[in-house]
Amino acid sequence: MFNADELEALRLSIVVATSSVLLTLPISVLMSWLLVRGRFPGRWLVDAAVHLPLVLPPVVVGYGLLLLLGIRGPVGHWLYLSTGIRLAFTTSGAIIATAVMTLPLMIRAVRLTLEGIDRGLEDAARTLGAAPIDRFFTITLPLMLPGIFAGAITAFAAGLGEFGAVITFASNIPGETRTLPLALYTALQSPTGDASSLRLAALSLGLGVMGLVAAEALSLGMRRRLGRG
Amino acid sequence: MLDIDLRVTRDSFQLDATLNIPTPSITALFGPSGAGKTTLAHAVAGLVPACGRITLDGVDLLDSKRGINVPVERRRIGCVFQDARLFPHLRVSENLLYGYRRHQGRAYATTEDVIGLLGLETLLDRRPHQLSGGERQRVALGRALLAQPRLLVLDEPLASIDRARRDEVLPYLEVLRDRYQIPMLYVSHQYDEVLRLAAQVALIDSGRILAFDTPAALSVSPELRSRVGSAGVGAVIETEVTARDSSTGLITVALGDHSLRLQGGGDVLGTRLRLHILASEVILATELPQGLSVRNAVAGILERLDDESNGLIVATIAVGNARLLARITRSAVDDLALTTGRQVWALVKAASLTLGVYRPL
């Protein structure tokens with residue numbers, strides 16, 4: 001039904017989207033914490049910076065990553081010299097490009113639940129003898145889970161479809177960085193790619209619908225558990 | 001002892017409180033909304049930044065001069081909040097164990113004891129949103145207690161529960177007080193709760209302590225009277241049952257060197273009682289009247305007459321060491337030529353006393 005290249009694109013899309021979610025999860029929790037609870041000068045600047053990928057054309061983000069993390073970029077050069085790792089034009093690069101693009105979505109969702117948490121519950125935990133880190137892992141983080149899940153699923157779905165930043169920073173290498181949207185784009189460019197285009201589009205649609213259903217089921221379960229359903 | 005000498009400044013609000021509270025006992029922080037009761041209680045727990053000094057049974061919790069400020073999580077002060085603040089993602093049993101698992105040293109309150117005393121056996125597997133208001137507060141009480149606190153702060157724990165359900169919680173507070181001898185700060189603006197539970201009352205308004213005394217002494221002070229609403233004005237008397245007539249159901253209690261007879265339920269001899277004799281239920285006479293249904297006539301000296309805001313007058317009558325309050329009209333004062341220092345008879349209906357009988361001791 002699907003040829004090997006299409007299945008490879010599907011596999012790669014899932015790998016890239018999953019890895020980028022895993023990468024952004026801790027970052028988004030930390031950033032949300034800083035943005036909601038933090039009191040430091042320049043907070044608005046950080047706030048604006050994490051939202052930048054939302055308003056910039058993805059190609060610009062990809063280009064920015066290339067300038068920074070590319071083999072001749074300051075960070076990329078140093079990374080290559082010290083560890084031999086190349087990010088540009090690799091699967092890792094695709095993951096990073098996707099992570100940067102989806103981070104604002106994740107942070108928005110996580111931040112919203114964090115803002116909704118009753119600080120009184122944390123005070124109650126304090127009176128019961130819980131120190132700050134203990135409190136975070138036993139009260140705050142569990143209460144943030146609905147937002148974290150919602151953010152993760154949105155970011156996963158968005159990550160499956162990330163195109164501009166990936167193709168700019170990681171290029172369109174079969175089996176390495178050619179995810180579903182890139183494969184679809186490639187098929188569209190080919191005079192014989194009509195059937196393949198349709199199949200790839202159907203795959204994307206299927207994945208998207210599955211994501212939506214999973215998200216709905218998860219959030220319903222979580223709301224029930226907390227008695228907000 | 002719980003020694004408090006602290007200041008809290010928040011926005012336009014200033015709290016200034018000095019209190020030396022004997023422990024263990026229940027101390028009510030009583031006053032109108034916005035008086036600073038909760039702020040004071042939370043400052044003691046460490047939840048509100050304050051400066052000054054707090055010492056609990058010889059342990060310094062706060063001493064701004066010496067730079068001591070024990071963080072909330074190490075103060076060992078349990079809190080029961082008005083909104084319970086149960087952790088919504090944890091079952092009742094996990095809520096109960098949250099502080100228990102974190103306490104250090106020997107546990108004076110065991111899980112079996114607390115669950116049994118508070119009647120929580122059937123609630124353990126539930127989640128907080130499946131509990132009624134009264135059940136929630138009982139769980140919150142158990143959770144705070146299981147953290148083995150040295151002091152319990154109860155911040156209007158009954159305020160969000162309807163009156164009928166309060167009796168689901170109030171008796172448990174008395175049980176805990178008697179069982180564990182734990183000092184409690186009880187924040188309330190409900191006079192009847194205060195009368196029922198407190199050994200001493202701090203009257204708070206506008207961020208200051210106006211009075212600190214026993215309910216009996218405070219009940220006859222003009223400061224308190226203006227803050228309890230005219231329906232609550234009345235003398236509180238600590239007494240004990242000295243006789244019991246099983247055929248009539250009347251018990252006799254001491255009042256100064258007199259005695260009062262009242263409707264007494266099942267009280268046995270020697271039971272200590274706290275009576276709340278409402279000023280509106282006491283009649284004054286200049287001589288001992290004959291042929292009345294009133295069971296109690298006690299002679300006393302008219303000590304003072306205070307104008308109430310509603311045009312009526314509250315008379316304070318000294319009966320030995322005890323005081324009674326009577327609410328009378330201006331014209332009665334004139335007709336009977338009532339002046340302070342003269343002897344009067346205070347008439348109290350036996351039936352009217354049963355409402356205000358508390359067993360706090």
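Numbered from 1 within each chain, the chains take letters A, B, ... in sequence-line order. Reckoned from all heavy atoms, side chains included, excluding hydrogens, waters and symmetry mates.
- For the set A:Ala131, A:Pro142, A:Ala130, the count of heavy-atom pairs under 4.5 angstrom toward chain B peaks at A:Ala130.
- Residue pairs meeting the ring-ring contact (aromatic ring centres under 6.0 Å, His included) criterion with at least one partner in residues 24-54 of chain A, sequence neighbours excluded, are A:Trp33-A:Phe136.
- For A:Arg108, the CZ atom sits in a loose shell: 12 or fewer heavy atoms of surrounding residues, nucleotides or ligands are nearer than 6.0 Å.
- B:Asp60 meets the salt bridge (Lys or Arg N to Asp or Glu O under 4.0 Å) test with B:Arg53, B:Arg66; sequence neighbours excluded.
- More than 12 non-hydrogen atoms from other residues, nucleotides or ligands lie less than 6.0 angstrom from CD of A:Glu115.
- If you take CZ on B:Arg85 and CZ on A:Arg119, they are separated by 11.5 Å, rounding to the nearest 0.5 Å.
- Ranked by heavy-atom pairs under 4.5 Å with chain A, the list B:Arg101, B:Arg74, B:Arg127 is led by B:Arg127.
- Once rounded to the nearest 0.5 Å, the distance linking CE of A:Met222 with NE2 of B:His89 reads 13.0 Å.
- Of the atoms belonging to B:Leu47, it is side-chain heavy atoms, and not backbone ones, that fall under 4.5 Å from chain A.
- In A:Tyr185, the OH atom is not crowded: 12 or fewer heavy atoms of neighbouring residues, nucleotides or ligands sit closer than 6.0 Å.
- Atom CG of A:Leu128 sits about 10.5 Å away from atom CG of B:Leu96, to the nearest 0.5 Å.
- Neither the backbone nor the side chain of B:Arg75 comes within contact range of chain A; no heavy atom of the residue lies under 4.5 Å from a heavy atom of that chain.
- Sorted by first and then second residue, the pairs that involve residues 13-57 of chain B and meet ring-ring contact (aromatic ring centres under 6.0 Å, His included), not counting sequence neighbours, are B:Phe30-B:Tyr191, B:His42-B:Phe81.
- Note: B:Glu73 CD to A:Asp134 CG = 9.0 Å, rounded to the nearest 0.5 Å.
- Heavy-atom neighbours of chain A within the stretch residues 133-153 of chain B, taken at a separation under 4.5 angstrom, comprise B:Arg143, B:Ala144, B:Ala147.
- Considering only heavy atoms from C-beta on, A:Leu121 comes within 4.5 Å of B:Pro88 through its side chain.
- Here the CZ atom belonging to B:Phe87 is positioned 4.0 Å from the CD1 atom belonging to A:Ile139, to the nearest 0.5 angstrom.
- Heavy-atom neighbours of A:Arg86 CZ from other residues, nucleotides or ligands within 6.0 Å: at or below the threshold of 12.
- In the displayed structure, B:Tyr108 atom OH is contacted under 6.0 Å by more than 12 heavy atoms of other residues, nucleotides or ligands.
- Environment of CD in B:Glu121: crowded, with over 12 heavy atoms of neighbouring residues, nucleotides or ligands closer than 6.0 Å.
- Atom CD1 of A:Ile133 has 12 or fewer heavy atoms from other residues, nucleotides or ligands within 6.0 Å.
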